[in-house]
*Asks:* 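Can you keep this structure in mind? I'll have questions shortly.
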Amino acid sequence: MKVTINGKKRDIDNNLSILELLKDLKVDPNKIIIQLNQEIIKSKHFESTSIIQESQIEILSIVGGG
């Protein structure tokens with residue numbers, strides 16, 4: 001199915017959860033924030049949140065500093 005990840009259109013497998021997508025992309029789920037269709041998804045919901053056709057996904061890195 002087609003989705004947009006960080007502004008780029010991609011084809012991904014159907015019925016992926018956010019956690020499965022992150023594993024496919026080799027992204028550490030503990031170091032990012034996910035925005036799915038303009039809604040922030042809490043990390044505890046990554047496994048139970050499914051991605052649907054035409055979803056807009058933003059993967060935002062957490063950067064520490066001081």
Side-chain angles (χ1 to χ4, degrees):
M1 79 182 148
K2 295 188 183 305
V3 298
T4 303
I5 302 173
N6 290 354
K8 295 182 181 177
K9 299 228 182 245
R10 293 186 59 144
D11 285 318
I12 65 170
D13 293 337
N14 291 334
N15 302 319
L16 282 183
S17 69
I18 290 174
L19 186 59
E20 291 168 327
L21 174 66
L22 294 174
K23 286 179 182 175
D24 284 353
L25 296 174
K26 299 181 179 16
V27 173
D28 184 345
N30 298 311
K31 297 181 178 178
I32 51 100
I33 294 171
I34 290 287
Q35 186 176 21
L36 177 63
N37 298 324
Q38 301 184 350
E39 180 180 339
I40 300 291
I41 306 297
K42 293 183 178 180
S43 60
K44 66 182 179 183
H45 298 298
F46 284 178
E47 188 169 4
S48 63
T49 302
S50 296
I51 300 167
I52 59 172
Q53 176 81 3
E54 301 296 331
S55 287
Q56 303 278 324
I57 304 162
E58 295 293 327
I59 301 173
L60 308 167
S61 297
I62 299 171
V63 178

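Numbering of residues begins at 1 and proceeds along the displayed sequence. As the structure is a computational prediction, the values presented were derived from the model and not from experiment.
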*Asks:* Output the distance between atom CD1 (I34) and atom CD1 (I18), rounded to the nearest 0.5 Å.
*Replies:* 5.5 Å
*Asks:* Please tabulate, one pair per line, all N/O donor-acceptor pairs under 3.5 Å involving side-chain atoms of residues 55-66, not counting sequence neighbours.
*Replies:*
| residue | atom | partner | partner atom | Å |
| --- | --- | --- | --- | --- |
| S55 | OG | I52 | N | 3.2 |
| S55 | OG | I52 | O | 2.7 |

*Asks:* Please tell me whether I33 and L25 are part of a single hydrophobic cluster in this structure, the criterion being side-chain heavy atoms less than 4.5 Å apart.
*Replies:* no
*Asks:* With rounding to the nearest 0.5 Å, note down the distance linking CG in L36 to OG1 in T49.
*Replies:*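 L36 atom CG to T49 atom OG1 measures 7.0 Å (nearest 0.5 Å).
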*Asks:* Search all heavy atoms of I41 against all heavy atoms of H45 and return the closest pair with its distance.
*Replies:* CG2-CB, 4.0 Å
*Asks:* Check the surroundings of atom CD in E47: do more than 12 heavy atoms from other residues, nucleotides or ligands lie under 6.0 Å from it?
*Replies:* no
*Asks:* Quick test of your reading: applying side-chain hydrogen bond (donor to acceptor under 3.5 Å, both in side chains), list the pairs with at least one residue in residues 21-32, sequence neighbours left out, ordered by first then second residue.
*Replies:*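 Every pair satisfying side-chain hydrogen bond (donor to acceptor under 3.5 Å, both in side chains) with a residue in residues 21-32: D28-N30.
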*Asks:* For K2, check salt bridge (Lys or Arg N to Asp or Glu O under 4.0 Å) against everything at least two apart and list the hits.
*Replies:*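 Here the qualifying residues are D11.
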*Asks:* According to a hydrophobic-cluster definition based on side-chain heavy atoms being under 4.5 Å apart (Ile, Leu, Val, Met, Phe, Trp, Tyr only), do V27 and I5 belong together?
*Replies:* yes
*Asks:* Could you pull out the closest heavy-atom pair between L16 and D13, with the gap in Å?
*Replies:*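 Scanning both residues completely, I find the closest heavy atoms to be CG-O, 3.5 Å.
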*Asks:* Identify which one of N14, I12, N37 satisfies the side-chain contact (heavy atoms from CB on, under 4.5 Å) criterion when paired with I51.
*Replies:* I12
*Asks:* Determine which pairs satisfy salt bridge (Lys or Arg N to Asp or Glu O under 4.0 Å) with at least one residue from residues 34-45, sequence neighbours left out, and list them in order.
*Replies:* none
*Asks:* Applying side-chain contact (heavy atoms from CB on, under 4.5 Å), name anything that partners S17, two or more places apart in sequence or on another chain.
*Replies:*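 Residues passing side-chain contact (heavy atoms from CB on, under 4.5 Å) with S17: L19, E20.
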